[in-house]
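Notes to accompany the following structure.
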Amino acid sequence: MRISSRSLAKKLIKYLLREDIYSTKVVSPVRIQQFLSAVCPTPIQQKLIRIGAPNDGGYLLPDDFLDIKACFSPGVGEVSKFEEDLADLGIRSFLADGSIDDPKFSNEMLHCIGKYISDQNSETDIRLEDWVNWGGGKEICQGT
(Lines give C-alpha, C1' and ligand atoms only; values in the text may rest on other atoms or scores of the structure.)
Protein backbone atom coordinates (compact mmCIF):
# COMPACT_ATOMS: atom_id res chain seq x y z
CA MET A 1 0.00 0.00 0.00
CA ARG A 2 1.40 3.38 -1.01
CA ILE A 3 0.81 6.39 1.24
CA SER A 4 1.03 9.90 -0.23
CA SER A 5 3.14 12.51 1.54
CA ARG A 6 0.00 14.58 2.17
CA SER A 7 -1.74 11.60 3.78
CA LEU A 8 1.34 10.81 5.84
CA ALA A 9 1.58 14.43 7.00
CA LYS A 10 -2.08 14.45 8.06
CA LYS A 11 -1.65 11.20 10.01
CA LEU A 12 1.48 12.50 11.71
CA ILE A 13 -0.22 15.76 12.69
CA LYS A 14 -3.23 13.92 14.09
CA TYR A 15 -0.95 11.60 16.04
CA LEU A 16 1.11 14.46 17.50
CA LEU A 17 -2.00 16.38 18.52
CA ARG A 18 -3.72 13.28 19.96
CA GLU A 19 -0.64 12.49 22.06
CA ASP A 20 -0.33 16.14 23.23
CA ILE A 21 3.12 16.40 21.69
CA TYR A 22 3.99 20.06 21.13
CA SER A 23 7.11 22.10 20.67
CA THR A 24 7.88 24.96 23.08
CA LYS A 25 5.00 26.84 21.50
CA VAL A 26 1.92 25.40 19.86
CA VAL A 27 2.12 25.41 16.09
CA SER A 28 -1.06 25.24 14.09
CA PRO A 29 -1.77 22.01 12.21
CA VAL A 30 -1.72 24.00 8.96
CA ARG A 31 1.86 25.20 9.65
CA ILE A 32 2.95 21.67 10.55
CA GLN A 33 1.44 20.35 7.34
CA GLN A 34 3.18 23.10 5.33
CA PHE A 35 6.49 22.16 6.92
CA LEU A 36 6.04 18.44 6.31
CA SER A 37 5.02 19.09 2.70
CA ALA A 38 8.20 21.11 2.22
CA VAL A 39 10.50 18.39 3.57
CA CYS A 40 8.78 15.34 2.09
CA PRO A 41 10.49 13.77 -0.94
CA THR A 42 9.16 14.84 -4.30
CA PRO A 43 9.51 12.90 -7.54
CA ILE A 44 11.98 14.19 -10.12
CA GLN A 45 12.30 13.55 -13.84
CA GLN A 46 16.06 12.95 -14.00
CA LYS A 47 17.54 9.59 -13.16
CA LEU A 48 19.70 9.47 -10.05
CA ILE A 49 23.40 8.66 -10.18
CA ARG A 50 25.73 7.92 -7.30
CA ILE A 51 28.57 10.38 -6.81
CA GLY A 52 31.24 9.68 -4.21
CA ALA A 53 32.29 6.81 -1.98
CA PRO A 54 30.14 3.68 -1.60
CA ASN A 55 29.37 4.53 2.04
CA ASP A 56 29.86 7.83 3.86
CA GLY A 57 30.58 10.66 1.43
CA GLY A 58 28.49 9.25 -1.40
CA TYR A 59 25.27 10.79 -2.59
CA LEU A 60 22.47 10.03 -5.03
CA LEU A 61 22.07 13.12 -7.18
CA PRO A 62 19.95 13.96 -10.21
CA ASP A 63 21.92 13.37 -13.41
CA ASP A 64 21.74 17.07 -14.29
CA PHE A 65 25.24 18.54 -14.18
CA LEU A 66 25.13 20.45 -17.47
CA ASP A 67 25.50 23.97 -16.05
CA ILE A 68 27.61 23.08 -12.99
CA LYS A 69 31.02 24.70 -13.34
CA ALA A 70 32.60 24.11 -9.94
CA CYS A 71 32.16 22.48 -6.54
CA PHE A 72 33.36 24.06 -3.29
CA SER A 73 33.97 21.48 -0.54
CA PRO A 74 35.04 22.69 2.91
CA GLY A 75 36.26 20.16 5.45
CA VAL A 76 36.95 17.23 3.15
CA GLY A 77 39.59 15.31 5.09
CA GLU A 78 41.74 12.83 3.20
CA VAL A 79 38.93 11.34 1.07
CA SER A 80 37.92 13.12 -2.12
CA LYS A 81 35.99 10.45 -4.05
CA PHE A 82 32.99 12.77 -4.44
CA GLU A 83 35.13 15.48 -6.02
CA GLU A 84 37.03 12.92 -8.15
CA ASP A 85 33.72 11.68 -9.56
CA LEU A 86 32.76 15.28 -10.34
CA ALA A 87 36.11 15.73 -12.10
CA ASP A 88 35.23 12.77 -14.32
CA LEU A 89 32.16 14.81 -15.32
CA GLY A 90 34.37 17.83 -16.14
CA ILE A 91 33.60 19.75 -12.94
CA ARG A 92 36.46 21.39 -11.04
CA SER A 93 36.45 21.19 -7.24
CA PHE A 94 37.93 23.58 -4.73
CA LEU A 95 38.61 21.92 -1.40
CA ALA A 96 39.60 23.47 1.93
CA ASP A 97 40.65 21.65 5.06
CA GLY A 98 43.16 22.78 7.67
CA SER A 99 43.52 19.24 9.01
CA ILE A 100 45.25 18.03 5.84
CA ASP A 101 49.03 18.23 6.22
CA ASP A 102 49.88 18.02 2.52
CA PRO A 103 46.83 18.99 0.45
CA LYS A 104 48.01 17.62 -2.87
CA PHE A 105 45.75 15.55 -5.10
CA SER A 106 46.86 13.80 -8.26
CA ASN A 107 43.82 15.01 -10.20
CA GLU A 108 44.41 18.42 -11.83
CA MET A 109 40.67 19.19 -11.48
CA LEU A 110 41.00 19.24 -7.67
CA HIS A 111 42.43 22.35 -6.02
CA CYS A 112 42.94 22.09 -2.26
CA ILE A 113 44.06 24.66 0.26
CA GLY A 114 45.18 23.45 3.68
CA LYS A 115 43.18 26.01 5.66
CA TYR A 116 39.95 26.17 7.61
CA ILE A 117 37.09 28.39 6.43
CA SER A 118 36.77 31.26 8.90
CA ASP A 119 35.71 34.89 9.29
CA GLN A 120 39.35 35.99 9.05
CA ASN A 121 42.52 35.24 7.11
CA SER A 122 45.49 33.84 8.97
CA GLU A 123 48.17 31.21 8.50
CA THR A 124 45.60 28.50 9.29
CA ASP A 125 42.34 30.14 8.17
CA ILE A 126 40.82 31.72 5.07
CA ARG A 127 37.70 33.81 4.65
CA LEU A 128 34.95 32.27 2.49
CA GLU A 129 35.13 35.07 -0.09
CA ASP A 130 38.90 34.75 -0.39
CA TRP A 131 38.63 30.97 -0.74
CA VAL A 132 36.11 31.34 -3.59
CA ASN A 133 38.53 33.75 -5.30
CA TRP A 134 41.55 31.51 -4.59
CA GLY A 135 42.73 29.37 -7.47
CA GLY A 136 40.45 31.06 -10.01
CA GLY A 137 37.24 29.65 -8.56
CA LYS A 138 35.28 32.86 -9.02
CA GLU A 139 36.35 33.20 -12.66
CA ILE A 140 35.44 29.57 -13.37
CA CYS A 141 31.98 30.03 -11.85
CA GLN A 142 31.40 33.24 -13.81
CA GLY A 143 32.66 31.65 -17.01
CA THR A 144 35.43 34.20 -17.57
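Within the 4.5 Å cutoff, the side chain of Phe82 has no heavy atoms near those of the Ser93 side chain. Looking only at side-chain heavy atoms (C-beta outward), Leu61 and Leu48 stay at 4.5 Å or farther from each other. Counting heavy atoms from C-beta on, the side chains of Gln33 and Pro29 never come closer than 4.5 Å. Proximity of Ile49 to Ile51: side-chain heavy atoms (C-beta onward) are separated by under 4.5 Å at one or more points. Looking at heavy atoms from C-beta onward, Cys112 lies in side-chain contact with Ile100 at the 4.5 angstrom threshold.
Partners of Phe35 according to the ring pair (Phe, Tyr, Trp, His ring centres under 6.0 Å) rule, which considers only residues two or more places apart in sequence or in another chain, do not exist here. Partners of Arg50 under the side-chain hydrogen bond (donor to acceptor under 3.5 Å, both in side chains) rule, at least two apart in sequence or in another chain, do not exist in this structure.
With hydrophobic clusters built from ILVMFWY side chains whose heavy atoms lie under 4.5 angstrom apart, Ile113 does not share a cluster with Tyr116. Under the 4.5 Å side-chain heavy-atom criterion for grouping Ile, Leu, Val, Met, Phe, Trp and Tyr, Trp134 is connected to Ile117 within one hydrophobic cluster. In the hydrophobic clustering of ILVMFWY residues, with side-chain heavy atoms under 4.5 Å counting as a link, Tyr59 and Ile44 come out apart.
Of the possible donor and acceptor atoms, none in the side chain of Lys115 sits under 3.5 Å from a partner among the backbone N and O of Arg127. Ser80 places no side-chain N or O within donor-acceptor distance of the main-chain N or O of Glu83, the cut-off being under 3.5 Å. No donor-acceptor pair under 3.5 Å is formed between the side chain of Asp63 and the backbone N or O of Gln46.
The two residues Ala87 and Met109 make their nearest non-hydrogen contact at CB-CB, 3.5 Å. Across every non-hydrogen atom of Leu110 and Glu84, the tightest pair is CD1-CG, 3.8 Å. The shortest heavy-atom contact between Ile68 and Asp64 is CG1-O, 4.4 Å.
Here the straight-line distance linking atom CG of Leu36 with atom CG of Leu16 works out to 8.0 Å at 0.5 Å rounding. The distance from atom CG of Leu128 to atom CG of Asp125, rounded to the nearest 0.5 Å, is 12.5 Å. In this structure, the separation between OG on Ser73 and CG on Asp97 is 10.5 Å, given to the nearest 0.5 Å. Rounded to the nearest 0.5 angstrom, Phe72 CZ and Arg92 CZ are separated by 11.5 Å. In this structure, Ser118 OG and Asp130 CG are separated by 11.0 Å, a value rounded to the nearest 0.5 Å. Note that CD1 of Ile91 is 6.0 Å distant from CZ of Phe65, once rounded to the nearest 0.5 Å.
Heavy-atom neighbours of Glu19 CD from other residues, nucleotides or ligands within 6.0 Å: above the threshold of 12.
Between Trp131 and Phe94, a ring centre-to-centre spacing not shorter than 6.0 Å is recorded.
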